[in-house]
*Asks:* 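This is the structure I have questions about; it appears just below.
Chain identifiers are assigned alphabetically (A, B, ...) following the order of the sequence lines, protein sequences preceding nucleic acid strands; residue numbering begins at 1 within each chain.
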There are 2 protein chains.
Amino acid sequence: MKHTHAEENYLKAIYMLSEGEERLVSTTAMAELLRTRAASITDMMQKLHHKGLVVYRKYQGVTLTETGKQSAIKILRKHLLWEVFLVEKLKFGWNEIHEIAEQLEHIDSDILIDRLDHFLGNPYCNPHGIVIPNADGKIVTKPRLLMTDVAEGTSGIISAIKDDSVAFLQYLGKRNIYLGAKMTVIEKIKFDESMDVTIDNQYKINISRKITDNILITL
Amino acid sequence: MKHTHAEENYLKAIYMLSEGEERLVSTTAMAELLRTRAASITDMMQKLHHKGLVVYRKYQGVTLTETGKQSAIKILRKHLLWEVFLVEKLKFGWNEIHEIAEQLEHIDSDILIDRLDHFLGNPYCNPHGIVIPNADGKIVTKPRLLMTDVAEGTSGIISAIKDDSVAFLQYLGKRNIYLGAKMTVIEKIKFDESMDVTIDNQYKINISRKITDNILITL
DNA sequence: ATAATTTTTTAGACAAACCTAAAAATTAAT
DNA sequence: ATTAATTTTTAGGTTTGTCTAAAAAATTAT
Ligand SMILES: [Mn+2]
Ligand SMILES: [Mn+2]
Ligand SMILES: [Mn+2]
Ligand SMILES: [Mn+2]
């Protein structure tokens with residue numbers, strides 16, 4: 001099934017607001033997120049209900065059907081992959097990407113997304129650490145560890161950064177630390193709580209407690 | 001000025017059909033290119049005329065104003081850059097890219113296009129050899145030479161390929177010949193009209209007359 | 001339990017893009 | 001120069017997505 005630009009935004013909004021669960025989503029919540037009026041939401045919910053993409057009951061709220069959920073996930077997947085592209089390849093800052101991805105997510109081509117995914121090295125999550133659904137619409141969440149808590153000798157893939165200030169991002173850029181990089185703990189220094197790590201088995205650097213507190217890895 | 005998705009397609013179509021000149025474009029020509037009905041074209045031409053983007057006179061045809069032309073060029077630039085991206089980075093075949101670029105050209109972000117351009121190495125033309133307008137909307141055409149006619153010792157940048165059959169593209173791929181590569185003529189062999197060339201000053205290969213007849217370079 | 005407030009839906013309107021069918025203008029043929 | 005054929009425009013209509021204002025339902029407060 002193919003959807004219009006607007007339908008896609010609504011489906012994704014319901015998915016985001018219900019956080020993947022069965023939770024009922026209210027008209028006002030959607031109106032605020034999508035910056036439209038409540039009346040517009042009601043109109044669209046009735047339309048999506050007729051199309052079998054949502055279950056909508058007057059005054060009660062709305063939930064996605066399985067079909068609707070799969071559509072929403074596909075759009076989210078595209079959104080997140082484009083965000084990775086913008087940051088990793090075009091060197092955008094994390095705060096500049098959402099608006100552009102909001103447009104790019106509507107490009108209609110399955111093969112394009114397959115190739116983009118592959119080109120980006122099948123990333124696990126977007127720059128904000130949101131897990132990217134795979135091509136089958138499954139969301140495989142791997143447990144994440146705060147770098148501070150990782151034992152000596154352990155390595156993992158950097159999969160999220162908690163602080164997304166420009167200053168921190170610049171620090172990471174300078175040290176060649178990026179999402180998807182392999183980080184290995186060589187030695188933990190008790191005295192100042194810093195640690196020596198390698199990036200992609202190459203550079204060995206020392207990172208302070210302030211840094212390790214803001215990096216999450218998946219094993 | 002920002003335009004709707006549809007307006008952009010019409011502006012680009014007028015530009016393509018008038019080939020950058022002042023030539024009047026007919027309603028039917030546009031209807032065919034855009035796969036719509038003549039009546040829809042008339043509607044839109046009246047609208048674009050009111051907006052000052054085209055000069056339209058009943059039954060006479062339409063031309064772009066300077067403003068309209070600049071808009072058209074910007075859209076074309078985006079279209080062509082995305083096509084380069086699809087071929088060079090995502091490894092699409094030349095025949096698969098136009099439809100996707102037709103969508104991507106409407107993404108609205110100046111900085112995105114600047115960065116994409118830079119990421120792609122400021123390409124001179126798209127995979128079909130169409131020159132990409134620069135950021136100021138200027139189209140700088142460099143003279144192009146058929147590889148067959150290039151003298152020994154000369155080198156240039158591959159800027160167009162005449163035959164875009166799958167077979168030829170596969171041949172080029174296998175030999176690491178790609179758009180933007182530097183090709184240098186080492187020796188021209190009179191006997192079979194083939195020539196020895198280097199690609200990016202690295203590989204030295206022999207290419208036959210059939211190949212040199214289909215490659216264009218800029219000095 | 002009533003009243004006041006908030007949320008949600010309906011009713012009615014509008015702009016953007018398209019369409020078909022009919023009318024008008026242009027161009028080509030006799 | 002008429003007539004015939006083609007092109008282009010107009011008139012009227014549809015779908016999509018939005019809006020405002022008013023009505024209805026649900027929620028909260030007294
Ligand atoms: Mn986002
Ligand atoms: Mn969007
Ligand atoms: Mn194209
Ligand atoms: Mn287009």
Side-chain angles (χ1 to χ4, degrees), chain A residues 1-15 17-18 23-64 68 71-72 75 99 102-103 105-108, chain B residues 1-15 17-18 23-64 68 71-72 75 99 102-103 105-108:
Chain A
M1 225 173 296
K2 197 155 52 196
H3 312 291
T4 67
H5 193 104
E7 281 172 359
E8 292 189 342
N9 283 333
Y10 282 96
L11 289 171
K12 183 161 66 87
I14 301 168
Y15 183 79
L17 290 170
S18 55
R23 203 189 323 313
L24 281 169
V25 174
S26 77
T27 302
T28 28
M30 294 202 66
E32 197 193 341
L33 182 59
L34 293 170
R35 277 111 142 290
T36 58
R37 299 303 184 157
S40 309
I41 303 294
T42 302
D43 284 350
M44 184 60 92
M45 290 312 108
Q46 287 167 344
K47 183 178 158 197
L48 293 179
H49 183 91
H50 272 111
K51 289 200 178 189
L53 296 164
V54 306
V55 175
Y56 164 75
R57 263 187 305 274
K58 274 188 182 183
Y59 297 102
Q60 303 303 125
V62 76
T63 54
L64 291 168
S71 290
I75 301 151
E99 285 303 299
E102 202 56 55
Q103 296 181 61
E105 70 189 357
H106 304 291
I107 303 295
D108 176 35
Chain B
M1 222 174 297
K2 196 156 49 191
H3 312 292
T4 68
H5 193 104
E7 282 171 0
E8 292 189 342
N9 283 334
Y10 282 97
L11 289 172
K12 184 162 64 89
I14 301 168
Y15 182 79
L17 290 170
S18 56
R23 200 186 327 313
L24 281 169
V25 174
S26 77
T27 302
T28 28
M30 293 202 67
E32 196 192 343
L33 182 60
L34 293 169
R35 276 111 141 288
T36 58
R37 299 304 183 151
S40 308
I41 303 293
T42 302
D43 283 352
M44 184 60 92
M45 290 312 108
Q46 287 167 344
K47 183 178 155 195
L48 293 179
H49 184 91
H50 272 112
K51 290 201 176 188
L53 296 164
V54 304
V55 175
Y56 164 75
R57 262 186 305 276
K58 274 189 185 182
Y59 297 101
Q60 302 304 125
V62 76
T63 53
L64 291 168
S71 290
I75 300 151
E99 284 303 299
E102 202 55 55
Q103 297 181 60
E105 69 188 357
H106 304 291
I107 303 295
D108 176 34

*Asks:* Does K58(A) put a side-chain nitrogen or oxygen below 4.0 Å from OP1 or OP2 of dA26(D)?
*Replies:* no
*Asks:* For T36(A) and for G61(B), locate the closest nucleotide of DNA chain D by heavy-atom distance; then report the residue assigned to the nucleotide nearer the 5' terminus.
*Replies:* G61(B)
*Asks:* Whole Å only: how far is the OH atom of Y59(B) from the P atom of dT10(D)?
*Replies:* 6 Å
*Asks:* Contact class for A39(A) (heavy atom, under 4.0 Å): base, sugar-phosphate, or nothing?
*Replies:* base
*Asks:* Closest-nucleotide mapping onto DNA chain C: is K51(B) or S40(B) further toward the 5' terminus? I mean the 5' end.
*Replies:* K51(B)
*Asks:* Where do R23(A) and L17(A) come nearest, in terms of heavy atoms and distance?
*Replies:* NE-O, 4.1 Å
*Asks:* In terms of side-chain heavy atoms, does E8(B) have a donor or acceptor partner in H106(B) at a distance below 3.5 Å?
*Replies:* yes
*Asks:* Without decimals, in angstroms, what is the distance between E8(B) CD and dA16(C) C1'?
*Replies:* 15 Å
*Asks:* Classify the nucleic acid contact of A38(B) as base, sugar-phosphate or nothing, counting any heavy atom under 4.0 Å across all strands shown.
*Replies:* base
*Asks:* Taking 4.0 Å as the cut-off, does a side-chain nitrogen or oxygen of Q60(B) come that near to OP1 or OP2 on dA25(C)?
*Replies:* no
*Asks:* Counting the atoms with a prime plus P, OP1 and OP2 as sugar-phosphate, which does T27(A) contact under 4.0 Å by heavy atoms, base, sugar-phosphate, or nothing?
*Replies:* sugar-phosphate
*Asks:* Closest approach to the side chain of M44(B), judged atom by atom: which nucleotide of dA16(C), dT9(C), dC18(C) is it?
*Replies:* dC18(C)
*Asks:* Round to a whole Å and report the spacing from OH of Y10(A) to P of dT16(D).
*Replies:* 14 Å
*Asks:* K47(B) versus L53(B): any side-chain heavy-atom pair under 4.5 Å?
*Replies:* no
*Asks:* Distance check needed: dA17(C) P versus H3(B) NE2, whole Å only.
*Replies:* 12 Å
*Asks:* Show the numbers, then the answer: is there a side chain to side chain contact (heavy atoms under 4.5 Å, CB included) between L48(B) and Y56(B)?
*Replies:* CA-CA 8 Å; L48(B) 293 179; Y56(B) 164 75; over 6 Å; no
*Asks:* Is T28(B) near enough to dT8(D) that one of its side-chain N or O atoms lies under 4.0 angstrom from OP1 or OP2?
*Replies:* yes
*Asks:* For L34(B) and dC18(C), give me the distance from atom CG to atom C1', rounded to whole Å.
*Replies:* 12 Å
*Asks:* Would you give the length of the straight line joining atom CG of N9(A) to atom CG of L33(A), rounded to the nearest 0.5 angstrom?
*Replies:* 9.5 Å
*Asks:* Roughly, in whole Å, what's the span from CD in Q46(B) to C1' in dA15(C)?
*Replies:* 16 Å
*Asks:* Atom OH of Y56(B) and atom C1' of dT7(D): how far apart are they, to the nearest Å?
*Replies:* 11 Å
*Asks:* Measure the distance from CG on D43(B) to C1' on dA16(C) and round it to the nearest whole Å.
*Replies:* 10 Å
*Asks:* So, is R37(B) near the phosphate of dC18(C), with a side-chain N or O under 4.0 Å from OP1 or OP2?
*Replies:* no
*Asks:* With the side chain of T42(A) defined as its heavy atoms from C-beta on, choose the nearest nucleotide among dT18(D), dT8(D), dT10(C).
*Replies:* dT10(C)
